[in-house]
Amino acid sequence: MAKSRRRRGGEDGGVVAAVDGGTAELIPDPDRPRGWTLLIDSAPQSHVDLDDPARLTFAYQRRLGHVADLTAPERTPLRVVHLGGGAFTLARYIAATRPRSTQQIVEIDAALVGLVRERLPLDPGARIRVRSLDARAGLARIPDGWADLIIADAFSGARTPAHLTSAEFLAEVRRALAPGGRYAANLTDGPPLAHLRGQIATAASVFPELALAADPAVLRGRLFGNAVLLASDAPLPLAELTRRVAGDPHPGRVEHGRELLDFTGGAAVVTDAAARPSPAPPPAAFDRS
């Protein structure tokens, strides 16, 4: 269990705790009585509203939520693997919107898992299992063809670990997916977008169907930020995904097909031997002043 304490001053009821991956902060949402934002080493990771787990605040989490919504007909239970847990935001969302879904969260930071379980407890009726394992080791335990949806949102600090960026890793993802299943990854990058281009090229070497949802400024290389990569062995619901992403409070754009492959600019497929972590965000990326 992480050792936690109230934030200095203690007036806002926030919590600071040492976890395996650094320093975790739980910041109360001034507009939501049971809303919390999780930060790791000052980088925002997750937002949770315990009173309304179907409410997604961060733009990238809303895009991942759209993917979950479009994976099967409304309220149909899913089998989902979450690589990276954070505050379990997407698992809570799926449990609320698709009751009886069976979900596995793989989160390497056992101290963070303990903090979240203590301070932001899961619904005891939800079918959510949490394993404190490395994401790739946890993925290896998933039976062939088990998952309808695999969501990768795994970071060490603010960077995706190198071994979660390779074609070999994505081959394991595809092995664990059911036919027609979907993989969604939260990626981060900034100009010149070399990491993002390489991740698209790598996904294209494993999956025949791809789409990318992001802020247009990120796609133009003007801003460091998040991009959600979606991949499958079956056609994707591109029209509806595009409509939903464009209609969000922070509108995004969806790229797919030839335009998305052209976006890679000839980037090489990433292998385990050549894999590197995603770029560190610039110092001002998470400025809260």
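Using a 4.5 Å heavy-atom threshold, the side chains of Tyr93 and Leu56 count as touching. Taking 4.5 Å as the limit, some side-chain heavy atom of His66 sits within range of a side-chain heavy atom of Val245. At a threshold of 4.5 Å between non-hydrogen side-chain atoms, the residues Ile40 and Leu112 count as touching. Gln104 is not listed as a side-chain neighbour of Arg141, based on a closest heavy-atom distance of 4.5 Å or more. In this structure the side chain of Phe58 never reaches within 4.5 angstrom of the side chain of Leu64, judged on heavy atoms. For the pair Asp134 and His163, the minimum side-chain heavy-atom distance is below 4.5 Å.
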For a quick test of your reading: what N or O donor-acceptor pairs under 3.5 Å do the side chains of residues 148-158 make, sequence neighbours left out?
| from | atom 1 | to | atom 2 | distance (Å) |
| --- | --- | --- | --- | --- |
| Asp148 | OD2 | Arg79 | N | 2.8 |
| Asp153 | OD1 | Asn186 | ND2 | 2.9 |
| Asp153 | OD2 | Tyr60 | OH | 3.0 |

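Screening Ile200, Leu230, Leu236 for a side-chain contact (heavy atoms from CB on, under 4.5 Å) involving Leu210 leaves a single residue, Ile200. For the side-chain hydrogen bond (donor to acceptor under 3.5 Å, both in side chains) criterion with Gln103, the lone passing option out of Arg127, Arg92, His82 is His82. Partner of Val113 under the side-chain contact (heavy atoms from CB on, under 4.5 Å) criterion, out of Glu118, Arg131, Glu107: Glu107 alone.
Formation of a donor-acceptor pair under 3.5 Å by the Arg244 side chain with backbone atoms of Leu70 is not found in this model. Under a 3.5 Å cut-off, the side chain of Asp41 and the backbone N or O of Thr23 do form a donor-acceptor pair. Formation of a donor-acceptor pair under 3.5 Å by the Ser232 side chain with backbone atoms of Arg182 is not found in this model.
Note on Val67 and Phe207: separate hydrophobic clusters, where clusters join Ile, Leu, Val, Met, Phe, Trp and Tyr whose side-chain heavy atoms are under 4.5 Å apart, directly or indirectly. The hydrophobic cluster containing Val254 does not contain Leu196, counting ILVMFWY residues as joined when their side-chain heavy atoms lie under 4.5 angstrom apart, directly or transitively. Residues Leu38 and Leu122 fall within the same hydrophobic cluster, defined by Ile, Leu, Val, Met, Phe, Trp and Tyr side chains chained together at heavy-atom separations under 4.5 Å. The cluster map of Ile, Leu, Val, Met, Phe, Trp and Tyr, joined by side-chain heavy atoms under 4.5 Å apart, puts Leu90 and Leu78 in the same cluster.
Once rounded to the nearest 0.5 Å, the distance linking OG1 of Thr165 with CG of Asp272 reads 8.0 Å. Between atom CD of residue Glu172 and atom CG of residue Leu177 there is a gap of 11.0 Å, rounded to the nearest 0.5 Å. In this structure, the separation between CG on Asp144 and CZ on Arg174 is 13.0 Å, given to the nearest 0.5 Å.
Residues forming a side chain to side chain donor-acceptor pair (under 3.5 Å) with Glu255 (at least two apart in sequence, or on another chain): Arg253.
Between Tyr183 and Phe169, the angle of the ring planes goes over 60°, which puts this pair in the perpendicular group of the 30/60° scheme.
Applying the side chain to side chain donor-acceptor pair (under 3.5 Å) definition to pairs two or more places apart or across chains, none involves residues 209-220.
Contact detail for Ala135 and Val106: the closest heavy-atom pair is CA-CG1, 3.8 Å. Considering all non-hydrogen atoms of both residues, Ala162 and Arg276 come closest at CB-C, 3.5 Å.
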